[in-house]
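Please read the structure below before turning to the comments.
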Amino acid sequence: MDVRRRPLPSSGDRLKNQKLNPTTANYQSLLPLYLTNALFFTLFFSVAYFLLHRWRDKIRTATPLHVVTPAEIAAIVSLIASAVYLLGFFGVASRDDLSDDETILKQQHCPTPPLLAIQFPPTEEKNKTADVSLLSAEDEETVEAVVSGSVPSYSLESRLGDCRRAAAIRHEAVQRATRRSLEGLPVEGFDYESILGQCCEMPIGFVQIPVGVAGPLLLDGKEYTVPMATTEGCLVASTNRGCKAIHASGGASSVLLRDGMTRAPVVRFPSAQRAAQLKFFLEDPLNFDSLAVVFNKSSRFARLQSIQCAIAGKNLYMRFRCSTGDAMGMNMVSKGVQNVLDFLQSDFPDMDVIGISDKKAAAVNWIEGRGKSVVCEAVIKEDVVKKVLKTSVEALVELNMLKNLTGSAIAGALGGFNAHASNIVSAIYIATGQDPAQNVESSHCITMMEAVNDGKDLHISVTMPSVELEYNDKILLMVQVGTVGGGTQLASQSACLNLLGVKGASKESPGANSRLLATIVAGSVLAGELSLMSAIAAGQLVKSHMKFNRSSRDISKIAS
C-alpha cells in the first residue's frame with residue numbers, strides 16, 4: 001500500500017507557479033503583504049493616470065501615439081507588472097494552483113495513511129525542506145492572521161481540518177513572526193494526524209534522527225537485532241562489537257527483579273500528630289486490602305503492591321507502588337492515587353493535597369527501584385577479550401574498579417556507576433517511542449567486572465533498578481487492543497518495536513512484552529559497557545572517535 005500524500009511540485013512547477021501567482025512565491029517581498037498590495041495598487045493607478053494624461057496631450061497636439069518617451073516606456077512596463085501582480089493575487093491567473101487546497105478544504109479532515117514506516121522522497125531535491133512557501137491565497141491570509149494574533153496557532157488543526165496543512169501554515173507563520181529561517185526543517189513526509197492530541201502540540205515539522213542496528217544480541221537463548229536512534233558516531237558500532245563479544249562467548253542472561261511503577265503525593269496536615277496518624281493507618285496491614293480495592297478501580301491492569309510513608313514535620317509523603325501490565329502506567333497510577341486520596345478524605349478531612357512527584361533523579365528510585373528492576377550478566381571468554389575486544393581481563397577489571405566504581409564515588413554520582421549506560425538507553429528509547437526524559441532514572445546502572453575461571457575469563461554484569469518504559473501509553477497498544485493509548489500511530493517507532501518482537505501488548509501474559517523490552521535494554525547496555533570499557537583499556541577510544549566520529553565532507557559546499 002502506498003502512503004497517500006500530496007506530491008511536492010517539481011522545480012519547473014514551482015517556477016510556473018511563481019510566474020502565475022507572485023503572492024505564492026518564496027518571500028517575494030520583504031514588506032508585509034498588506035503593504036505590498038498597497039504599493040502595487042498605488043503604482044497601478046498612478047501610472048494609468050500618467051499614461052492617460054500623456055495620451056490626451058498627444059491627441060491635442062496631433063503627436064503620433066506610437067512615439068513614446070523613456071518615461072512612458074517605464075510607465076507602460078510598471079502598468080503591466082502591477083496588473084499581473086493584482087490578477088495573480090486575486091486568483092484570476094492561478095486557479096489551477098488552488099485546486100488541491102480547495103479539495104482539501106472541502107474534505108475537512110486529515111487523511112489517515114496506512115501503518116507504514118515514514119517514507120521520504122528518494123531524490124536529493126525532494127529531501128530538502130518542504131516548500132511550504134507555495135501557499136494559496138487563502139493560506140496566505142491564514143498565515144497573516146496567525147502572525148497578527150487574530151487566529152491562535154493552536155487552533156489551526158480544528159479550523160482547517162487538515163493536520164499537514166496546519167503544520168505548513170504554522171511553519172511559515174513562525175518564520176515570518178521570528179524573521180528566522182526554518183530551512184532544513186521538513187514538513188512533508190510525516191503523518192501529523194497520528195500525533196494530534198497525543199504526542200506533540202503545534203507541530204511545525206519533524207526532526208530526522210538516523211536509526212542504526214546493533215546485534216544480534218544473544219540474550220536468554222534468543223537473538224535480538226537492537227534498533228538505536230542516535231546522532232553520536234561510534235555508538236552503534238561500539239554496541240555492535242559488544243554484542244559480537246557476548247555472542248561469541250555463549251550469550252548473556254537476565255533476571256527481572258521487580259516490576260512496579262510508583263507515584264509519591266505529598267499531603268499536609270495542621271499538625272505532625274495528624275500526619276503520623278495517617279502514616280500509621282496506611283502502613284497497617286489490616287487496611288491494605290481495602291485501600292487496594294479503591295486503588296485498583298483506576299484500571300483493569302493496575303494492582304496496588306505497597307505504600308511507603310515518610311514524614312517531614314506536618315507533611316506526609318506517600319509512595320504508592322503498583323503493577324501496570326504492559327503500560328508504564330503513569331496515568332493509571334495517578335488515577336489510583338487520586339482514588340485513595342478521595343477515599344481518605346472522609347476520615348481525614350483536614351488533609352490538604354499539595355502535589356505529586358514527577359521525573360527526576362532520586363536516591364529512593366536507585367535504592368528501591370521504579371518501573372522494571374533488571375540485572376543482566378555474561379561471562380566473556382579470554383580469547384574473545386583478546387581477539388574481539390583487543391584488551392585483557394586484568395585491564396578491564398582494574399579499569400572498572402578505578403573508573404566506574406571509585407571514580408563515580410569520588411564524583412558523588414547518584415546511580416551513575418557505569419561507563420555510558422545513558423547513551424544506549426536514550427538511543428533505544430528514541431527508536432522505540434519511549435519518553436526520552438525517563439532516561440534520567442532509567443540509566444541508573446552499576447557495572448561490575450571480575451575475573452573468573454582462575455582469572456582467565458571475565459564476568460560482567462549491569463544492574464539497573466529503575467528501567468521506566470512508556471510502553472503502550474502513547475504508541476504501543478496497536479490494533480489488537482483498540483484505541484487505548486493512541487492506536488496505531490507513529491509507524492517508525494512501531495516498526496522498531498516489531499523488529500524486537502515486542503510490538504503491542506501481550507494477550508497471554510499482560511506485561512510480558514514490557515518486561516522483555518526492559519531486559520533487552522539491559523542486555524544492550526551490557527554490550528555497550530563491555531565495548532566502551534575495552535576501548536578505553538586498549539587506548540582506542542580517542543583514536544576511533546577521531547577516525548569515525550568526524551566528517552570529512554565540505555560543509556560549505558553542502559550548504560551552498
Side-chain angles (χ1 to χ4, degrees), residues 212 214-219 226 228 230 232-255 374-427 443-464 521-550:
L217 171 66
L218 183 56
L219 178 65
V226 183
M228 302 175 67
T230 182
E232 179 180 350
C234 296
L235 179 60
V236 177
S238 177
T239 307
N240 187 69
R241 185 175 75 148
C243 291
K244 179 181 179 181
I246 293 172
H247 199 290
S249 299
S253 59
S254 65
V255 178
V374 187
V375 60
C376 189
E377 63 179 345
V379 175
I380 310 301
K381 297 179 181 178
E382 182 182 21
D383 60 333
V384 175
V385 173
K386 292 180 178 180
K387 294 179 181 179
V388 178
L389 301 177
K390 311 298 183 183
T391 184
S392 66
V393 173
E394 296 80 3
L396 283 173
V397 172
E398 182 182 26
L399 178 63
N400 185 70
M401 180 187 65
L402 295 177
K403 179 189 185 311
N404 290 341
L405 303 182
T406 308
S408 297
I410 291 177
L414 177 61
F417 298 89
N418 57 82
H420 69 150
S422 62
N423 266 338
I424 289 88
V425 171
S426 295
S443 60
H444 282 182
C445 172
I446 182 168
T447 300
M448 304 290 290
M449 293 185 185
E450 64 175 288
V452 295
N453 300 330
D454 297 327
K456 295 181 179 179
D457 301 332
L458 174 72
H459 180 276
I460 178 174
S461 67
V462 293
T463 304
M464 305 178 70
V521 170
S524 302
V525 169
L526 182 73
E529 292 287 284
L530 179 61
S531 182
L532 178 60
M533 293 295 288
S534 299
I536 297 174
Q540 299 172 338
L541 179 64
V542 176
K543 293 179 181 179
S544 63
H545 272 268
M546 293 304 296
K547 181 178 180 180
F548 299 108
N549 203 21
R550 294 292 182 270

Please identify each residue that fulfils salt bridge (charged side-chain N to carboxylate O under 4.0 Å, His left out) with Glu450, with sequence neighbours left out. none

Going by salt bridge (charged side-chain N to carboxylate O under 4.0 Å, His left out), name the residues that satisfy it together with Lys386, two or more places apart in sequence or in a different chain. Glu382

With a 4.5 Å limit on heavy-atom distance, are the side chains of Ser524 and Leu217 in contact? yes

Within a strict 4.5 Å, meaning less than it, do heavy atoms of the Leu405 and Ile446 side chains meet? yes

Distance-only criterion, 3.5 Å: show the donor-acceptor pairs between side-chain atoms of residues 243-251 and protein atoms not counting sequence neighbours.
unit_1, atom_1, unit_2, atom_2, d
His247, NE2, Glu223, OE2, 2.7
Ser249, OG, Ala245, O, 3.0
Ser249, OG, Lys381, N, 3.2

Measuring from Thr447:OG1 to Leu530:CG, what's the distance to the nearest 0.5 Å? 10.0 Å

Atom pair CG/CG of Asn418 and Leu526 - distance to nearest 0.5 Å: 12.0 Å

Any residue meeting side-chain contact (heavy atoms from CB on, under 4.5 Å) with [X], in chain and number order, not counting sequence neighbours:
X	result
Ser531	Ser238, Arg241
Val255	Leu257, Val375
Ala427	Met228, Thr230, Leu235

Where is the tightest heavy-atom contact between [X] and [Y], given as atom of each residue plus distance?
X	Y	result
Ser408	Gly416	OG-O, 3.1 Å
Phe417	Ala409	CE2-N, 3.8 Å
Ala522	Val374	CB-CG1, 3.7 Å

Is the backbone N or O of Ala252 less than 3.5 Å from a side-chain atom of Glu377, with the two atoms forming a donor-acceptor pair by type? no

State which residues pass side chain to side chain donor-acceptor pair (under 3.5 Å) with Asn453; sequence neighbours excluded, sorted by chain then number. Asp457

Report the residues that fulfil side chain to side chain donor-acceptor pair (under 3.5 Å) with Ser422, sequence neighbours left out, ordered by chain and then residue number. none

Just to verify, which of Ile380, Ile460, Leu399 counts as forming a side-chain contact (heavy atoms from CB on, under 4.5 Å) with Met449? Ile460

Pairs flagged by side chain to side chain donor-acceptor pair (under 3.5 Å) wherever residues 392-406 is involved - sequence neighbours left out: Asn400-Asn404

